[in-house]
Every structure is written in C-alpha cells, then in structure tokens.
Amino acid sequence: MLQQLKDAITSRLPELDLVLGWEMGFDPFHATPLYIREAADVERLVVGPWAVHNLATYLPGLKGKKVGIVVKGCDSRSVIQLANEGLIRREDVTVFGLCCDGVVSHRKLREKLPADLGFVEEAQWQADVLRARVAGQEVSVRLSDVLADKCIACCYPNALGADVLVGSERTASPQPVACQESFEALSSAEKQAFWQETMARCIRCYACRNACPMCVCRDHCIATSRDPLWLGQENSPAENFMFQMIHVMHLAGRCTECGECERACPVDIPLLLLRRHMNRVTQDLFAYEAGTTVGQTPPLLTFQVEEAGINERGW
Amino acid sequence: MERFLPAAQLTALADDLAGSCHVLAPVAHAGSVVFRWYRPGMRLEFSRMASTSPKAATFPQTEPLLVAQRHEEHKQPVIEATLPPQARTVVLGCRPCGARGKEIFGPVFLGVAHDPYFARRREDALFISLVCTRPETTCFCSSVGGGPADPTGSDVLLIPVQGGFVARSVTEAGAAFLQHALFEDVGARGAEADAVVTQAQAAMPPSHDFSSAPAKLLARFDDKEFWEQQSAKCISCGACTYMCPTCYCFNITDDDLGLISRRIRTWDNCMSYTFTLEASGHNPRPTKAHRLKNRVSHKFSYYPSIHNGVIACCGCGRCIKHCPAGVDIRAIVHAAQEYAQ
Ligand code: SF4
Ligand code: SF4
Ligand code: SF4
Ligand code: SF4
Ligand code: SF4
C-alpha cells in the first residue's frame, strides 16, 4: 500500500503545491504530519497504525493552494464535510484515500506497556503485532488490543470520495464502544458528577479545539474572545465544561467523529462521549451523518419550518 | 541531612501533610497523571511523569487579584486585594526539571517588578523532588543546565533505592521537613543512593550545546520561510505552553457576576491569536509562524540574552510528548543552529 501511495503522490506532485502525509516523529511510537513539497520528501512518508492525525485539520488554513492530502476513512469524512460547508474548495484538493486497518490509541498502548511510552527504545510492526523494547523489556502487543475506539466502531474504513484510492478495500464490522455504553447508562446526576471530576483536570489548553478539523473559527473562537467576554477565563470545572458544551453544540451535525479532540487532549479527557452522543441525536432527528455524502448540507445550516424528524404538532 | 522513607509510607506521608498544609502531587485519574491538590483517597503516581507541571504551586492557572463588591447599584464598589493567605504548600514528587522550572522565571516576578502573589507562594512552597533513574525519549534537562538529580529549586531530593527513597535535604527548610516522624534512619543506604544518582546521570543522552542558539535564532528573525516551514504542522493550540513549567505569561480579565466582580489572572499562551491582539484590532503576530517564532525564540534567545544566559526551558519535554502534532522544540532550535545561509 505504501509504495502504491508513494507512486500516486509522485505522479501528481508536479501539479500540486504540497501534499499532506505522515512521517515518523520524535520516537518509534509517534508519527507526525509531513508536508511533502518536493519529490525527495515522498521517501519519508509512512502509513499505518501510527498515522493517527487527521490532516484535514490543516486544509482550511491552506486556502488558495493546490493541496494533496492522504486520508484514512474517518479523515475523508472531514474533507467531504469541509467542502459541503464551503470551508474548502474541493477542486483545489487532491484526495489520496487509504483503505484503513485502524490506528493505535496511545492511551491504550500505555496500559499494555511495562513503563510509560517515553521509555521506548525500539518498536516495529510485524503485520498487526507490535514488537517493542520499552525500559529494557521486550513486549509484543496486538493492534486489536490497542485500537482507537473510533476504529472499533468504524463504519467507513475505505476513504470516501477519494480521487485516488490505495490498498485493498475492507468490509466494515463496527462494534459498539464499551465506554460509551456505560456512560449512557449513568443517571444525569452521575454524569454530572463524572464531568465535575473529569473537568477538574482540564487545563483549558484548547488542543481539542484546534485539532478538530471542523472547528474553523480558530483565532476568533468565542472561548478566547475578550470583547465581548463570553466565557470566564477561570480554569474551573464549570467554565471548562461550559467550553466543551459550546464545542459540542457548534459541532452538532458537523462532527465527523474523527476523534482528534480526544486524541489531542494532553490529560486524556474522554471528549468523544459527548460528541458521539450528539451525533446520535442528530442522526435520530435529522437522519444525517456528517461527511458521508458529497454535496449534502448539514441540518443546522438549513432551515425548515417543520423538520420531518421533530414532532411539533402531535402533542 | 539524609533520611529514609519506606515506599509503603509514601501515601501516609501525603495523608498526614494534607492535614496541615496544601499538598500538590502527581495523582492518577482515569488513565492520566496530573498534579492535583491531594486529598486522602487519591492515588499517588510516581512511576510516570505527570502530564501537567507543578507550576500551580507558585503560579496557579487562575489567581484572583482583587474582588470588587458593589453593595448598591451605581455606588462605588468596595475593592479588596486578595493576596493569598500565608499557608504552607508542599509539592511532593515533582521531577527535578519541574522544581527548576520556577527558578527560571523567578527573576521575572521578583526582579524589577515585585509580584506579591508569586512571592508569597514561592516563600510558602517546599519542593520534594523525585530523582529520575531513566530519561524518556523527550527528556533533555542536561542540555539546558539541569539534570536528573539536579538540586536547583528543590528542598529535598528523593532518591529511589530498594524498598523506598533516600531523602536528601538541599535547603534548611528541606532538612527541617526530614524531621517528620515517617522518615527513618538512613542506615547504610547512602552509597546505594549515590550509585543511583551516578547511574541516572550516565543514562542521559549526550548533551546538546545550545550556546549558539540566541544569536542563531535572532539571525532567523525575519526569515518568514524558515518559520513557516518549522510551524507548518503546529495547530497553534497552546497545549505546549500550558504544560510548560517555565512559561509564565498571564492574562488579566474581570469576571463580572452582578454586584460582585473578580479581577483574575490566568495563564496566557503565546500560541494564541489573542495574545498580542491590540485594542486597535492590529495584531503584530497574526499567524502561527509568528507565534511559534516567539515561543521558541523567547525561550532560547531573548530570555537568555537578558538573563545571564539562562535558557527559559527546563528540558522536561512535555511540550514534545503531548503536542498533538508532534512538534519538537529541540528540532526547531537545532535547525536554526545548523542553518547555513
Ligand atoms: S476510524 Fe476507521 S478509517 Fe479511521 S483510523 Fe479507524 S479504522 Fe481507519
Ligand atoms: S469534535 Fe472531535 S470527533 Fe468531532 S470532528 Fe471535531 S475533532 Fe473530530
Ligand atoms: S484538550 Fe483537554 S485539557 Fe485541553 S482544553 Fe480540551 S479538554 Fe481541556
Ligand atoms: S507546538 Fe504543538 S502543542 Fe504547541 S501550539 Fe503547536 S501544535 Fe499545539
Ligand atoms: S527532563 Fe526527564 S530526566 Fe530530566 S529531570 Fe525532567 S523528567 Fe527527569
């Protein structure tokens, strides 16, 4: 798959300003976004379980350029959604789609290791088994045991709406996400207590916001605007949770469930619990799933006097 | 002064301290480790470096500066300064880099300007650091003037040995702390502790020489292309600055709640657009390239050039380890140092 992708990128590169992909980062457990500007850069490209980042996040900031982008299935939904909302010009983007086998959750991986991720000395994938040496100990971990939750629930492993699709297509076999089920089973009071405790460790860093491909206010976000001052700057569970509620509401019907918000959070706050819940609500009410159909407008960007899914007259 | 703390007594020590002072300690919660105000029942986690830094002990993320209370509408409010009351704070189990962090920015708050809030917290805080036995891939303390057993900024160093910790005092306050009943006679463990320290220092990767960084970064000041390339994958979130033990920038806002207003100081972050947004609407640092240039250059160039060569980075590597995009500040400074015109 990697060679096929490299060939496809090399042949399209002359007509593009740059191509977004991944390369290995500061240690053997981390890939990092790669900007391919010339043919030699293609050699550094990697794909696979470390390619966690949703590169669509960079697209709105590259307006006016001819950009190629490598996407997994989930990432491809963000590209479609951005184009559907007019936030990028689809004709300026060349989508190199992957048929994806899933990515790791670094949080889950950490639990399988004898010491923290930072003590890695060597790591290598052999098919779907990771063999690594961490703090002097040999470990082997199966990808299926450290797969990101979004991959367990994945309905679209093969990139949608791609200009070039590489790899062999996979059949989706989505499974329910255990933590979501147990969260939904909590009473409202228990949910509130859970967020009180969890939001106490939020540092209001906004990594969740900036990693999100659909958060496009960025520099002009309501959370940091000073005039007017919409949201208190205090770092308290109440203000922190308020910020999350704003994020969730602004993403209602737009969130492509790529999980970047949760992955980016440096203190492992399970933000997808809120996003998945809201996505279910928009699916139930509007039969709409963000980023899955080219050309579709999200429900909150349209207005109908009476929504088909909302019973307003039936008492 | 040198004493011994059995590993089994660590929680008892934290529990006991929590009864008489504020204890800031790394606590495990749902898969993450962060510094929290410790309460008995929380789970201390010493085996992993906390994601957040112990900075809150001397410079909390939110600090009320004053409270204005209006007893009647349209009447002058009564304004009260809210200097924190004198109260001892013990930071238990930070790493040497974290303890050193506050020493680096101390001169900013206690120099030409005297910040009473920082001064009081600094005076009241005792730092009990845990010596590291093995560096992580992101650790580079020894390249920026520190080390895995560096005493700078610590009152006591805890050195992990068989069955517990050898506790060595660095300051007088630290020696007094070691009088606590849970510490035992150190016996013959001193030699074992020395060996751990020597081994820890030897385990660090070779130091990088940053001495040319101030001039080299300054030379790149106007190089838009260099900074655009270096910042390309940055998403300008600011997670790096919020986790940094040495970042000290703050914002002051008024929290208005009807008849009561609080003027609060909160951590600010140079990676944010609003950081330099001027009242006129003009912003001298409109792009992430401008902002990353400032963050890196402030730490490795502007700060050392006015503070006797001290680099405003303690090498803890949190900004690298937790950056959602994998931006590596070491690599950026190296790139500037190696840049050939
Ligand atoms: S959610 Fe699906 S497409 Fe996305 S990384 Fe996981 S398996 Fe791949
Ligand atoms: S809210 Fe989270 S899951 Fe949804 S699109 Fe944004 S980053 Fe992805
Ligand atoms: S990324 Fe995590 S810590 Fe940062 S603001 Fe979001 S929830 Fe809070
Ligand atoms: S360097 Fe990383 S953590 Fe810092 S602002 Fe950029 S993306 Fe965020
Ligand atoms: S940088 Fe790493 S090795 Fe050095 S003091 Fe900090 S945690 Fe320890």
Side-chain angles (χ1 to χ4, degrees), chain A residues 18 20 25-35 37 52-53 55 57-58 61 107-108 110-111 115-121 135-136 197-198 200-201 203-211 218-221 224-227 229 232-236 239 260 263-270, chain B residues 27 29-34 36 47-49 51-52 60-62 64 134-139 229 232-233 235-243 251-257 262 264 266-269 271-274 277 279 283 286 288 317-318 320-328 330-331:
Chain A
L18 58 104
L20 292 162
F26 62 86
D27 76 15
F29 281 164
H30 290 86
T32 183
L34 167 69
Y35 279 60
R37 295 192 171 87
V52 292
H53 321 77
L55 305 169
T57 299
Y58 298 105
R107 181 182 55 75
K108 288 188 191 172
R110 193 158 59 205
E111 285 159 17
D116 202 2
L117 294 170
F119 295 106
V120 61
E121 285 147 18
E197 185 56 25
T198 305
R201 68 173 196 265
I203 49 172
R204 279 293 276 287
C205 67
Y206 304 120
C208 47
R209 175 192 77 187
N210 285 36
R218 301 272 161 101
D219 291 350
H220 306 281
C221 173
T224 40
S225 103
R226 290 181 188 163
D227 185 19
L229 193 70
Q233 298 304 293
E234 185 178 45
N235 182 51
S236 64
E239 297 288 349
E260 282 293 85
R263 180 191 68 79
C265 178
V267 294
D268 303 296
I269 295 184
Chain B
V27 167
H29 183 238
S32 75
V33 178
V34 291
R36 293 279 296 266
S47 71
R48 240 170 82 192
M49 185 168 70
S51 309
T52 53
Q61 185 159 3
T62 303
R134 196 190 273 271
E136 298 196 32
T137 49
T138 42
C139 290
Q229 297 236 355
K233 64 187 176 189
I235 54 173
S236 206
C237 60
C240 45
T241 71
Y242 286 114
M243 287 176 297
N251 188 11
I252 296 177
T253 49
D254 290 336
D255 252 18
D256 231 335
L257 298 167
R262 290 187 320 144
I264 56 171
T266 48
W267 292 349
D268 204 346
N269 134 47
M271 301 306 295
S272 138
Y273 178 81
T274 50
L277 182 60
N283 195 335
K288 64 182 180 184
R318 286 182 173 89
I320 306 164
K321 191 176 175 184
H322 298 289
C323 171
V327 173
D328 186 339
R330 296 169 297 192

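If you're wondering where the values come from, they're calculated on a predicted model, not measured in any experiment. Chain letters run A, B, ... following the sequence lines, proteins first, then strands; residues in each count from 1.
- Interatomic distance, H29(B) NE2 to E197(A) CD, rounded to the nearest 0.5 Å: 4.5 Å.
- Ranked by non-hydrogen atom pairs under 4.5 Å with chain A, the options A232(B), P135(B), P286(B), C139(B) are led by A232(B).
- With a 4.5 Å cut-off on side-chain heavy atoms, M243(B) and C205(A) do not count as touching.
- Considering only heavy atoms from C-beta on, R262(B) comes within 4.5 Å of E234(A) through its side chain.
- Taking 4.5 Å as the limit, every side-chain heavy atom of S236(B) sits out of range of all side-chain heavy atoms of R218(A).
- Heavy atoms closer than 4.5 Å to chain B are found in both the backbone and the side chain of I203(A).
- Between V267(A) and S51(B), the shortest heavy-atom distance links the atoms CG1-CB, 4.3 Å.
- Proximity to chain A (any heavy atom under 4.5 Å) is shown, for P64(B), by neither the backbone nor the side chain.
- Interface summary for chain B: among E260(A), K108(A), H53(A), the most heavy-atom pairs under 4.5 angstrom belong to H53(A).
- No side-chain heavy atom of M49(B) sits under 4.5 Å from any side-chain heavy atom of D116(A).
- One N or O on the side chain of T62(B) and one on the backbone of N235(A) form a donor-acceptor pair closer than 3.5 Å.
- Side-chain atoms of K321(B) and H30(A), non-hydrogen and from C-beta on, never get closer than 4.5 Å to each other.
- Residues F26(A) and R330(B) meet the side-chain proximity criterion, which asks for heavy atoms closer than 4.5 Å.
- Between the side chain of R48(B) and the backbone N or O of A115(A), no donor-acceptor pair lies under 3.5 Å.
- For R318(B), no part lies near chain A; criterion is any non-hydrogen pair under 4.5 Å.
- Considering only residues two or more places apart in sequence or on other chains, D256(B) meets the salt bridge (Lys or Arg N to Asp or Glu O under 4.0 Å) condition with none of them.
- Ranked by heavy-atom pairs under 4.5 Å with chain B, the list G61(A), P33(A), A200(A), C265(A) is led by P33(A).
- Proximity to chain A is absent for every atom of P60(B), based on heavy atoms less than 4.5 angstrom apart.
- Contact count against chain A (heavy-atom pairs under 4.5 Å) is highest for A239(B) among C323(B), A30(B), A239(B).
- Atom NE2 of residue H220(A) and atom CG of residue L277(B) lie 8.5 Å apart, to the nearest 0.5 angstrom.
- With a 4.5 Å cut-off on non-hydrogen atoms, A135(A) touches chain B through its backbone and its side chain both.
- Residue contact with chain A, scored on non-hydrogen atoms closer than 4.5 Å, involves the side chain of T266(B) exclusively.
- In terms of heavy-atom pairs under 4.5 Å with chain B, the best-connected choice from T32(A), D268(A), V120(A) is T32(A).
- Only the side chain of E121(A) comes within contact range of chain B, judged by heavy atoms closer than 4.5 Å.
- Residue contact with chain B, scored on non-hydrogen atoms closer than 4.5 Å, is absent for R209(A).
- Of the listed residues H322(B), E136(B), Q229(B), the one with more heavy-atom pairs under 4.5 angstrom with chain A than any other is E136(B).
- In the model, R201(A) has a side-chain atom that pairs as donor or acceptor with a side-chain atom of S32(B) under 3.5 Å.
- Proximity to chain B is limited to the side chain of T57(A), based on heavy atoms less than 4.5 angstrom apart.
- Contact annotation for N283(B): neither backbone nor side-chain heavy atoms come within less than 4.5 Å of a heavy atom of chain A.
- Residues F119(A) and T137(B) have side chains not in contact (no heavy-atom distance under 4.5 Å, counting atoms from C-beta outward).
- With a 4.5 angstrom heavy-atom cutoff, R36(B) touches chain A only via side-chain atoms.
- Partners of K233(B) by salt bridge (Lys or Arg N to Asp or Glu O under 4.0 Å), not counting sequence neighbours: none found.
- Side-chain atoms of D219(A) never come within 3.5 Å of backbone atoms of Y273(B) as a donor-acceptor pair (strictly under, hydrogens ignored).
- Using a 4.5 Å cut-off between heavy atoms, I264(B) contacts chain A through its side chain alone, with no backbone atom that close.
- Interface remark: of the candidates V34(B), T274(B), T253(B), T274(B) forms the most heavy-atom pairs closer than 4.5 Å to chain A.
- Between the CG atom in L229(A) and the CG atom in D255(B) there is a gap of 7.0 Å [rounded to 0.5 Å].
- Both the backbone and the side chain of Y206(A) come within contact range of chain B, judged by heavy atoms closer than 4.5 Å.
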